[in-house]
Amino acid sequence: MTTTALIIGDLQAGIVDGHPFVADMLPVMEETILPAARAAGILVIFIRTGLRTSGLDAAAGNPLVTALRRAGTLFHEESPETLVHPRIAPLPGEVVVLKRRASAFAGTDLDLLLRAQRIDSIVLTGVATGAMVAATLYDAADRDYRLTVLSDACADGEPDVHDFLINRVFPARGADVLTSHEWTARL
């Protein structure tokens, strides 16, 4: 039984189709990472961001959530834009976790799911490197998970932020940073 889970964060239709910086990583996910993880029996967990249409989960003093709310329906939980992109759609039995903040752990049942499956190692992918990936990495480290970040399966609208986190911060925080090919070769 594997003790590793692959987390795919915020690769939802509206983000992928609306942000060119994500385009290069989608084929890596579709053609390399997902097939390898599935073949190895690794638990695949998709994370999607969706805010309540009512706005009750958006505190006026939170500038990030306020900006997401102002992005039209892009982040409304009922919007098709928040669904996992169809090119990497979850298979039956794969988990989709709805989050309302940057970290995939904040206010979700992700930790419960991981612990119930005796997962102790997380492979992080997704967008944005400086938001979902970083927030989830810090949260997972505080919960004592072993961490791997796939550098070519993360992206950020600010390439310098991505590079700094991937090359300096994540390794300094104890994460293994690998390319998708390096990771799949180890499976």
**Message:** For a side chain to side chain contact (heavy atoms under 4.5 Å, CB included) check, start with the C-alpha distance between Leu124 and Thr136, then their side-chain angles and the critical distance, and finish with the verdict.
**Reply:** CA-CA 8 Å; Leu124 279 172; Thr136 301; 3.6 Å; yes
Spacing of [X] atom [atom1] and [Y] atom [atom2] [to the nearest 0.5 Å]:
X: Asp139; Y: Arg101; atom1: CG; atom2: CZ; result: 13.5 Å
X: Arg38; Y: Ile33; atom1: CZ; atom2: CD1; result: 11.5 Å
X: Leu6; Y: Trp183; atom1: CG; atom2: CH2; result: 5.0 Å
X: Phe21; Y: Thr129; atom1: CZ; atom2: OG1; result: 8.0 Å
X: Met29; Y: Cys154; atom1: CE; atom2: SG; result: 7.5 Å
X: Leu43; Y: Ser121; atom1: CG; atom2: OG; result: 12.0 Å

Applying a strict under-4.5 Å side-chain criterion to I, L, V, M, F, W and Y, I'd like to know whether [X] and [Y] cluster together.
X: Leu114; Y: Val97; answer: yes
X: Leu34; Y: Leu178; answer: yes
X: Val161; Y: Val149; answer: yes
X: Leu26; Y: Val96; answer: yes
X: Phe164; Y: Val133; answer: yes

**Prompt:** More than 12 heavy atoms of other residues, nucleotides or ligands under 6.0 Å from CD of Glu158: is that the case?
**Reply:** no
Hey, are the side chains of [X] and [Y] touching, using non-hydrogen atoms and a 4.5 Å cut-off?
X: Leu11; Y: Phe46; answer: no
X: Val169; Y: Tyr138; answer: yes
X: Val127; Y: Met25; answer: yes
X: Ile122; Y: Thr148; answer: no
X: Arg143; Y: Arg115; answer: yes
X: Ile8; Y: Ile45; answer: no
X: Gln12; Y: Leu83; answer: no
X: Ile15; Y: Phe75; answer: yes

**Message:** Checking Leu150 against Val28 for the side chain to side chain contact (heavy atoms under 4.5 Å, CB included) test, could you report, in this order, the C-alpha distance in whole Å, the side-chain angles of both residues, the deciding distance, and whether it holds?
**Reply:** CA-CA 10 Å; Leu150 301 184; Val28 172; over 6 Å; no
Kindly give the heavy-atom pair with the smallest separation between [X] and [Y], and that separation in Å.
X: Thr125; Y: Met132; result: O-CE, 3.3 Å
X: Ala135; Y: Ser103; result: CB-N, 3.6 Å
X: Leu165; Y: Ala134; result: CD1-CB, 4.4 Å
X: Arg146; Y: Asp120; result: NH2-OD1, 2.6 Å
X: Ala175; Y: Leu137; result: CB-CD1, 3.8 Å

**Message:** For Arg100 and Thr108: C-alpha separation, side-chain torsions, deciding distance, then whether side chain to side chain contact (heavy atoms under 4.5 Å, CB included) applies.
**Reply:** CA-CA 8 Å; Arg100 301 181 193 282; Thr108 73; over 6 Å; no
**Request:** Any pair with a residue in residues 19-33 that passes side-chain hydrogen bond (donor to acceptor under 3.5 Å, both in side chains), sequence neighbours left out, goes on the list, sorted by first then second residue, please.
**Result:** Glu30-Arg87
Is it true that the side chains of [X] and [Y] contain a donor and an acceptor less than 3.5 Å apart?
X: Asp111; Y: Tyr145; answer: yes
X: Thr179; Y: Asp152; answer: no
X: Lys99; Y: Thr49; answer: yes
X: Arg48; Y: Thr82; answer: yes

**Request:** Determine, step by step, whether Asp10 and Ile47 satisfy the side chain to side chain contact (heavy atoms under 4.5 Å, CB included) criterion, reporting the C-alpha distance in whole Å, the side-chain angles of both residues, the deciding distance to 0.1 Å, and the verdict.
**Result:** CA-CA 6 Å; Asp10 292 348; Ile47 308 297; 4.3 Å; yes
